[in-house]
2 protein chains.
Amino acid sequence: MSSETLKIPQATAKRLPLYYRFLKNLHSAGKLRVSSAELSEAVKVDSATIRRDFSYFGALGKKGYGYNVDYLLSFFRKTLDQDELTKVALVGVGNLGTALLNYNFLKNNNTKISVAFDIDEAKIGSTMSGVTIYHMDDMEKVLTELGITIAILTVPAPFAQSITDRLAQANVKGILNFTPARLTVPATMRVHHIDLAVELQSLVYFLKHYGVNEVEELEEVEE
Amino acid sequence: MSSETLKIPQATAKRLPLYYRFLKNLHSAGKLRVSSAELSEAVKVDSATIRRDFSYFGALGKKGYGYNVDYLLSFFRKTLDQDELTKVALVGVGNLGTALLNYNFLKNNNTKISVAFDIDEAKIGSTMSGVTIYHMDDMEKVLTELGITIAILTVPAPFAQSITDRLAQANVKGILNFTPARLTVPATMRVHHIDLAVELQSLVYFLKHYGVNEVEELEEVEE
DNA sequence: AGTTTTATGTGAAATGGATAACAATGTTTT
DNA sequence: AAAACATTGTTATCCATTTCACATAAAACT
Ligand SMILES: NC(=O)c1ccc[n+]([C@@H]2O[C@H](COP(=O)([O-])OP(=O)(O)OC[C@H]3O[C@@H](n4cnc5c(N)ncnc54)[C@H](O)[C@@H]3O)[C@@H](O)[C@H]2O)c1
Ligand SMILES: NC(=O)c1ccc[n+]([C@@H]2O[C@H](COP(=O)([O-])OP(=O)(O)OC[C@H]3O[C@@H](n4cnc5c(N)ncnc54)[C@H](O)[C@@H]3O)[C@@H](O)[C@H]2O)c1
């Protein structure tokens with residue numbers, strides 16, 4: 001059970017990067033203070049939830065005043081380890097992988113795709129946005145050399161599991177999985193699924209079956 | 001108004017497309033029946049949760065036997081409106097938008113990006129993967145003509161809100177938002193955020209602070 | 001200085017969802 | 001056809017998260 005940081009709820013942890021991003025916006029805009037109500041309006045999270053989230057880290061605000069933007073910002077910078085660059089690998093430089101490669105995650109998070117892998121000879125050896133694309137055969141070697149423990153997976157689904165097994169061997173601890181495959185991993189690894197087809201399909205389902213609030217007020221009908 | 005389909009929990013609704021996808025796999029593989037335990041192994045959802053999810057739709061299985069793959073598949077096809085093609089629009093044909101355009105959502109869901117919009121004159125009028133790219137000026141007109149009510153948003157963040165307002169005017173009801181902006185929408189609309197930077201950053205946070213079961217001897221997943 | 005306003009931090013309650021456990025019931029075996 | 005077996009559907013329980021609501025304290029105003 002690691003870490004000094006007492007375990008905050010996962011739901012809270014997922015919102016931290018969001019808070020951080022908007023605090024940076026506020027800072028750039030020259031704002032000196034912010035209330036949970038204002039922040040709520042910006043990030044679309046209930047203000048009580050924001051206060052509760054912040055409270056896990058102690059008393060960061062002042063009653064009757066709100067939160068000091070600079071203080072909060074530097075607190076979250078530390079909490080999110082934004083002083084240290086996090087290097088990640090990209091596996092599969094196709095349509096989606098290329099889009100991710102060209103995106104500058106550095107700008108907002110201190111995170112960078114530092115290396116990429118593929119099997120397409122046409123791509124291997126070249127660089128995209130300054131990132132070298134290596135052959136899959138060299139994956140384990142390069143990853144361990146660079147000490148990379150996080151990978152983004154954008155290969156065709158049938159290869160996802162076997163590549164995941166190799167990543168596990170290479171000491172990778174986290175995978176951002178864009179393939180539709182549901183990966184089996186050792187308990188020491190963590191996978192975040194970003195399943196675009198599911199997102200799209202479930203949005204369709206919600207719209208068709210939850211008929212967005214059209215009649216909202218009328219319903220009290222408990223069955 | 002929200003349909004005869006009693007309102008199932010949102011968490012369940014989000015899993016339906018996943019179940020559907022794996023049932024199709026099973027069907028293709030020639031499987032005739034499946035138990036909640038088998039399905040659980042495949043989709044990585046607890047078997048009790050699967051049974052609970054299914055039970056919202058009535059008794060779909062048989063005790064001592066499991067579920068008939070064909071029956072379940074056709075039931076979910078209907079439930080997910082997979083007989084009817086759902087047309088969606090793409091706004092912003094850049095790095096990410098292009099990747100999405102080139103992806104065939106039709107293959108798995110009966111969903112298709114049918115039209116795209118941009119402001120880049122170099123792209124306007126051309127087609128990508130058979131999809132015509134129109135000028136933003138024509139957006140409202142084209143959307144209402146085609147009766148499209150779902151849009152994927154992949155434009156630079158500063159434009160996200162104003163375009164969203166226009167989409168709302170054009171009777172769009174659902175947005176799949178890839179921009180880091182948190183959109184303000186009328187109560188009649190639904191937004192699903194896919195925030196790639198947040199996903200990546202929160203994965204990093206979890207790995208650093210939740211120290212994935214390093215020493216704790218968690219036994220392997222059953223099998 | 002005193003009063004009013006503002007907004008935090010947090011107990012308590014409400015909501016929403018996941019899981020354990022098992023009786024019920026059908027299937028398969030002998 | 002009876003016994004053994006498998007697996008559902010569901011009840012009860014648990015857990016995580018959200019939200020309410022307000023005492024508290026600082027800030028702003030007069
Ligand atoms: N593009 C999208 O919008 C989209 C949407 C939903 C899901 N996905 C999923 O994301 C994944 C990637 O999609 P894509 O559109 O970028 O596919 P793609 O075919 O364009 O790219 C796949 C890349 O992986 C490489 N590759 C193939 N086999 C490999 C292997 N064994 N090892 C390493 N690299 C290998 C290919 O050379 C190619 O560069 C797929 O699983 C797809 O289902 C993509
Ligand atoms: N590419 C990624 O991997 C990635 C990752 C995280 C977030 N995002 C977000 O997704 C969005 C798109 O990213 P991208 O990398 O594709 O950007 P991009 O710059 O490659 O593409 C943006 C596209 O939008 C078009 N556009 C600009 N202004 C427009 C307007 N007013 N109306 C219509 N179209 C307009 C541009 O012509 C361009 O084609 C951005 O908000 C970005 O922050 C992208």
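Predicted model, so just to flag it, every value in this text is computed and none were measured. Note that these values count all heavy atoms, side chains included, but never hydrogens, waters or copies made by symmetry. Proteins get letters first, then strands, A, B, ... in listed order; numbering begins at 1 in each.
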Mind calculating the distance between [atom1] ([X]) and [atom2] ([N]) to the nearest angstrom?
X       : N      : atom1 : atom2 : result
B:Ile8  : D:dG9  : CD1   : C1'   : 17 Å
B:Leu72 : D:dT8  : CG    : C1'   : 13 Å
A:Asp53 : D:dT18 : CG    : C1'   : 10 Å
B:Phe54 : C:dA18 : CZ    : C1'   : 16 Å
A:Arg51 : D:dC20 : CZ    : P     : 10 Å
A:Leu60 : C:dA7  : CG    : P     : 17 Å
B:Leu39 : D:dT7  : CG    : P     : 13 Å
B:Phe57 : D:dT10 : CZ    : C1'   : 17 Å

Notebook entry, point to check: Taking all non-hydrogen atoms of both residues, which atom of B:Val155 and which atom of B:Val91 are closest, and how far apart?
Noted result: CG1-O, 3.3 Å

Margin query: Going by side chain to side chain donor-acceptor pair (under 3.5 Å), name the pairs with one or both residues in residues 174-183 of chain A, residues two or more places apart or in two chains.
Written below: A:Asn177-A:Thr179, A:Asn177-A:His193, A:Arg182-A:Asp195

Next item on the list: Just grab all the side chain to side chain donor-acceptor pair (under 3.5 Å) pairs involving residues 153-164 of chain B, residues at least two apart or on different chains.
Entry: B:Gln161-B:Asp165

Notebook entry, point to check: Taking DNA chain C as the partner, which of residues 11-25 of chain B come within under 4.0 angstrom of it by heavy atom?
Noted result: B:Ala11, B:Arg15

State whether [X] places a side-chain N or O below 4.0 Å from either non-bridging phosphate oxygen (OP1 or OP2) of [N].
X       : N      : result
B:Thr49 : C:dA18 : no
A:Tyr67 : C:dG9  : yes
A:Ser36 : C:dA7  : no

Check: Which pairs with one or both residues in residues 60-86 of chain A pass salt bridge (charged side-chain N to carboxylate O under 4.0 Å, His left out), sequence neighbours excluded?
Finding: A:Glu84-B:Lys208

Note to self: Atom CD of residue position A:Gln10 - does it have more than 12 heavy atoms of other residues, nucleotides or ligands inside 6.0 Å?
What the structure shows: yes

Note to self: At less than 3.5 Å, do the side-chain atoms of B:Arg52 and the base atoms of D:dT10 form a donor-acceptor pair?
What the structure shows: no

Margin query: For the residue pair B:Lys44 / A:Thr184, report whether a side-chain donor-acceptor contact shorter than 3.5 Å exists.
Written below: yes

Can you give me the N/O atom pairs linking the protein to nucleotides 27-30 of chain C at distances under 3.5 Å, or say none if there are none?
{"residue": "C:dT28", "atom": "OP1", "partner": "B:Arg33", "partner atom": "NH1", "Å": "2.9"}

Check: Could A:Lys31 and A:Glu38 be called an ion pair, given the rule that one side-chain N must be under 4.0 Å from one carboxylate O?
Finding: yes

Checklist line | Ring centers of B:Phe75, B:Tyr20 separated by less than 6.0 Å | finding: no

Check: Counting side-chain heavy atoms from CB outward, which of D:dT7, C:dG17, C:dT19 is closest to B:Gln10?
Finding: C:dG17

Item checked: Which residues share a ring-ring contact (aromatic ring centres under 6.0 Å, His included) with B:Tyr103, sequence neighbours left out -> B:Phe105

